[in-house]
Amino acid sequence: MDAQPEVMVIQLIKGPNGLGFNIRGGIDNEHRTDDPGIFVTTVREKGAASEDGRLRPGDKIIEVNGIDVTGVKHYEAVEAFHQAKDVVNLKVLRNPYPDDPSTEEDEPAQGGSYLPYLVALGMIGVGTYVYYRRYHS
């Protein structure tokens, strides 16, 4: 009988280095072909997640401050984090696929940082959200 993955509730407080982790996934950009959930791919040093010590690559985010993110598009999950402000309460499923190599931690780009890419993606996501809300509501 397989053990069920552990469900954890983790509260993180954004510090000067932010939350300190990256996510992938969503129904529009699956990280796993059999699970469109939102997954932690990297826990960066000096961020809130690293200092807390419980969040790990491969963990599946279920809720962000009570918002269910199990069946959302990637930008919707990102928006849930943006709306969270300084305190973020996460419901997390401990790595539900521990034997899958795709849950291993991402390596940083040659420049050593994902920051420029995250900023660009964030700007695209916010722009798309604003456009959608303005012209499709």
Side-chain angles (χ1 to χ4, degrees):
M1 181 177 208
D2 292 333
Q4 293 294 318
E6 175 185 4
V7 175
M8 300 177 298
V9 176
I10 300 173
Q11 184 177 75
L12 300 175
I13 300 173
K14 289 182 190 174
N17 296 309
L19 292 173
F21 65 94
N22 296 353
I23 60 171
R24 282 191 187 167
I27 60 174
D28 59 335
N29 187 20
E30 294 178 354
H31 180 57
R32 294 185 50 89
T33 57
D34 58 342
D35 188 336
I38 303 296
F39 291 87
V40 175
T41 56
T42 305
V43 176
R44 298 186 305 273
E45 291 182 29
K46 299 181 182 176
S50 176
E51 290 175 11
D52 177 82
R54 292 179 284 173
L55 199 62
R56 300 179 193 158
D59 289 349
K60 182 177 179 178
I61 309 285
I62 300 170
E63 290 182 4
V64 178
N65 282 358
I67 298 170
D68 182 351
V69 295
T70 57
V72 301
K73 293 181 178 181
H74 184 81
Y75 83 88
E76 292 172 311
V78 171
E79 183 62 23
F81 282 102
H82 286 218
Q83 290 176 357
K85 306 289 182 211
D86 292 331
V87 178
V88 179
N89 294 296
L90 302 174
K91 185 183 279 187
V92 176
L93 187 62
R94 172 64 75 214
N95 188 348
Y97 309 101
D99 297 327
D100 184 347
S102 72
T103 62
E104 293 176 2
E105 189 164 358
D106 283 346
E107 293 295 323
Q110 260 189 338
S113 174
Y114 285 119
L115 185 59
Y117 302 107
L118 292 174
V119 170
L121 287 173
M123 292 172 66
I124 291 168
V126 169
T128 302
Y129 176 77
V130 169
Y131 173 83
Y132 178 81
R133 295 284 293 182
R134 186 173 194 182
Y135 296 106
H136 297 286
S137 294

*Asks:* For the backbone of Asp59 and the side chain of Asn95, can you confirm whether one donor and one acceptor N or O come within less than 3.5 Å of each other?
*Replies:*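 Not a single qualifying donor-acceptor pair exists.
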*Asks:* Which value, rounded to the nearest 0.5 Å, describes the distance between Leu19 atom CG and Asp86 atom CG?
*Replies:*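 Leu19 CG to Asp86 CG: 9.5 Å, rounded to 0.5 Å.
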*Asks:* Heavy atoms, side chains only, cut-off 4.5 Å: are Val40 and Arg56 in contact?
*Replies:*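 In short, these two side chains do not touch, never coming nearer than 4.5 Å.
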*Asks:* Which pair of heavy atoms, one from Val92 and one from Ile62, lies closest together, and at what distance?
*Replies:* C-CD1, 4.1 Å
*Asks:* What I'd like to find out is whether the side chain of Val43 reaches to under 4.5 Å of the side chain of Pro57, using heavy atoms alone.
*Replies:* yes
*Asks:* Any non-hydrogen side-chain atom of Arg24 less than 4.5 Å from a side-chain atom of Asn29?
*Replies:*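 Not touching, per the 4.5 Å side-chain cut-off.
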*Asks:* Which heavy atom in Ala77 sits nearest to a heavy atom in Ile23, and how many Å separate them?
*Replies:*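 Residues Ala77 and Ile23, closest heavy atoms: CB-CD1, 4.3 Å.
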*Asks:* Looking at side-chain heavy atoms only, is the closest gap between Gln83 and Ile67 below 4.5 Å?
*Replies:* yes
*Asks:* Which residues pass the ring pair (Phe, Tyr, Trp, His ring centres under 6.0 Å) test with Tyr75, not counting sequence neighbours?
*Replies:* none
*Asks:* How close do Val69 and Glu63 get, counting heavy atoms only, and between which atoms?
*Replies:* CG2-N, 4.1 Å
*Asks:* Between Leu90 and Met8, is there shared hydrophobic-cluster membership here, with clusters defined by ILVMFWY side-chain heavy atoms closer than 4.5 Å?
*Replies:* yes
*Asks:* Could you tell me which non-hydrogen atom of Leu55 sits nearest to which non-hydrogen atom of Ala49, and how far apart they are?
*Replies:*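 Distance-wise, the nearest heavy atoms are CD2-CB, 4.1 Å.
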*Asks:* Any chain of hydrophobic side-chain contacts (each under 4.5 Å) joining Ile10 to Leu93?
*Replies:*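 Shared cluster, no.
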*Asks:* Please list all pairs passing the salt bridge (charged side-chain N to carboxylate O under 4.0 Å, His left out) test where one or both residues lie in residues 73-85, with sequence neighbours left out.
*Replies:* none
*Asks:* Using the six-membered ring wherever Trp is involved, compare the ring planes of Phe39 and His31 and label them parallel, tilted or perpendicular (cut-offs 30° and 60°).
*Replies:*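 Phe39 vs His31 ring planes: tilted.
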*Asks:* Heavy atoms only: give me the nearest Val87-Asn65 pair and the separation to one decimal.
*Replies:* O-ND2, 3.2 Å
*Asks:* Could you check Asn17 against Glu45 for side chain to side chain contact (heavy atoms under 4.5 Å, CB included), going step by step and ending with a plain yes or no?
*Replies:* CA-CA 9 Å; Asn17 296 309; Glu45 291 182 29; over 6 Å; no
